[in-house]
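First up is the structure itself, then whatever we jot down about it.
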Number of protein chains: 2
Amino acid sequence: MAKLKSRGQLINVAIIEDDRGIRSAIDAFLRLQNDIISAGAFGSVEEFLSSNGSAPDVLLLDVQLPGMSGIDGIRPIKEKFPGIQIMMLTVYHDADRIFSSLRAGANGYVLKSAPLTDIKQDILTLFSGGAPMSPQIARKVTEYFSQSSGMPMPESLTAREKDVVHALVDGLSYKMVSDRLGISMETTRFHIRNIYEKLHVHSKAELITKVLKSR
Amino acid sequence: MAKLKSRGQLINVAIIEDDRGIRSAIDAFLRLQNDIISAGAFGSVEEFLSSNGSAPDVLLLDVQLPGMSGIDGIRPIKEKFPGIQIMMLTVYHDADRIFSSLRAGANGYVLKSAPLTDIKQDILTLFSGGAPMSPQIARKVTEYFSQSSGMPMPESLTAREKDVVHALVDGLSYKMVSDRLGISMETTRFHIRNIYEKLHVHSKAELITKVLKSR
DNA sequence: TCTCTGCCCGCATGTTTATGCGATTGTTTA
DNA sequence: TAAACAATCGCATAAACATGCGGGCAGAGA
């Protein structure tokens, strides 16, 4: 976490955004602020990493970028600038991108639709140790916890369904699950349908991931 | 999630707080608001659950309470009032209480030290689908994700292969992996072949299982 | 007896995954 | 310069998965 600069010092803020219009609009806005210095506006992660500029305090990072995605850029950026605070600035509010970003080390996640004055406030919050999130992002984050707390096994699953889940979580194919439980592939499929419905997943991978990541 | 009331309608807000001074201060403040109706001020979860009042839209819930703790009260309260939005209002900002509350279903978590006007704004945010968190709470939540993502990865995998593994372990389909990494499905498949060979697995399920069970 | 739940089973069809083969380009190293 | 490695991409085909639909039987409870 960056140390608080004393009152009157300025926050160096860089931005990586491939859309030139958005990039220059935000950059121009930041240059008008009294407490923010623009540390540069870049079109890609690669461009940013290869620049010779000094370490920014804060980076506004788009998700959808040419070449390396913003999410994939988080780790290398944090390796090069260990004290940097990264705030994702993006149109995407799907859970996958939110959590991938946070896992990679992003410190904030806000939507581009927010007014520039909100983004300015978010930068200040980020820099002073907070973690700005647009409301619906924060909601998805809290829901992540409440949804993942019912594991290991919801009471809604029958005993047989639990057997099937255990077999799937061991990495077995449908055929191997059937062999293990002594039932037909069709029966395995029948149970799997019910499991997916009850656990709100849509694939074997999602199921395994959900179960194992909640332990 | 509570349905948005049309403009002009009022939000029913209840509070459970054992400190009489704080309770009456917040209750008095809420009664002064134009868009909020006080649905009652209670000293404990048990008192709230046994009252005959109508379902509040929003509940401000203290953590440290006589009898049942606020955290332990979340689930029974949500069972009795399925649509209720619960915001923890507390002095505690330790990770244990934060995550226990979120796992139990709390929709927000703010510190009592926040000004009453902030709390008012948080109620509005909560009611409109957001998840208000005091800045340092939000920071702890984001840090939870970045700290739990450090998965050991064999050195035989290239950087790109590791990206693919991360994506697969998140439960993504080939197509979603390709979208995330900005490559074609064919390239994803190529990397997956190499990964399976290096890690001696034969399916996506085996890979996910192997990786997540080795954490 | 009827209803509900759980377990077993099947067919058909579309989608996703896994594997056979191939190619190109760029970078690094001997 | 050639070889090795990494990343990107493609086609074809078979296997596995997911989902639409259907059926049956057994046990428990009203």
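Labels below follow one simple rule: chain letters A, B, ... track the order of the sequence lines, proteins then strands, and each chain is numbered from 1.
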task = Could you list all the ring-ring contact (aromatic ring centres under 6.0 Å, His included) pairs where at least one residue sits in residues 190-209 of chain A, not counting sequence neighbours?
result =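 Non-adjacent pairs meeting ring-ring contact (aromatic ring centres under 6.0 Å, His included): zero.
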task = Could you note down all residue pairs passing ring-ring contact (aromatic ring centres under 6.0 Å, His included) where residues 10-39 of chain A supplies at least one of them, sequence neighbours left out?
result =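 Output for this query is empty, none listed.
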Partners meeting side-chain hydrogen bond (donor to acceptor under 3.5 Å, both in side chains) with [X] (sequence neighbours left out):
X	result
B:Glu186	B:Arg189
A:Asp35	A:Lys120
A:Arg23	none

query = On DNA chain D, which is the earliest and which the latest nucleotide, 5' to 3', with an atom closer than 4.0 Å to a heavy atom of chain B?
reply =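 First and last nucleotides in contact are D:dA6 to D:dC11.
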query = Of all residues at least two apart in sequence or in a different chain, which pass the side chain to side chain contact (heavy atoms under 4.5 Å, CB included) check with B:Met176?
reply =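 Per chain and number, B:Met176 pairs via side chain to side chain contact (heavy atoms under 4.5 Å, CB included) with B:Leu172, B:Ser173, B:Asp179.
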key: For B:Asn107, all residues meeting side chain to side chain contact (heavy atoms under 4.5 Å, CB included), sequence neighbours excluded   = A:Arg139, B:Lys78, B:Gln85, B:Ile86, B:Leu126
Show me the donor-acceptor pairs within less than 3.5 Å that the side chains of residues 42-49 of chain A make with the rest of the protein, sequence neighbours left out.
from, atom 1, to, atom 2, distance (Å)
A:Ser44, OG, A:Glu47, N, 3.1
A:Glu46, OE2, A:Met68, N, 2.8
A:Glu47, OE1, A:Gly43, N, 2.9

query = Where along residues 184-194 of chain A does a heavy atom come under 4.0 Å from DNA chain C, residue by residue in number order?
reply =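 Correct list: A:Ser184, A:Glu186, A:Thr187, A:Phe190, A:His191.
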remark   = In the 5' to 3' direction, the nucleotides of DNA chain C bounding the stretch that comes under 4.0 Å of a heavy atom in chain B are C:dT17 to C:dC21
Beyond-backbone contact of B:Val63 with B:Met88, side-chain heavy atoms, under 4.5 angstrom = yes
key: Derivation of the ring pair (Phe, Tyr, Trp, His ring centres under 6.0 Å) call for A:Phe145 and B:Phe145   = CA-CA 11 Å; A:Phe145 290 99; B:Phe145 289 100; 5.8 Å; yes
task = Check the pair B:Arg97 / B:Thr90 against side chain to side chain donor-acceptor pair (under 3.5 Å), numbers first and verdict last.
result = CA-CA 10 Å; B:Arg97 287 190 175 87; B:Thr90 174; over 6 Å; no
task = Show the numbers, then the answer: is there a side-chain contact (heavy atoms from CB on, under 4.5 Å) between A:Leu60 and A:Glu17?
result = CA-CA 8 Å; A:Leu60 306 183; A:Glu17 163 66 63; over 6 Å; no
task = Just need the stems in DNA chain C: three or more back-to-back Watson-Crick or G-U pairs, each with both distances under 3.5 angstrom, sorted by first number.
result = C:1-30 with D:1-30
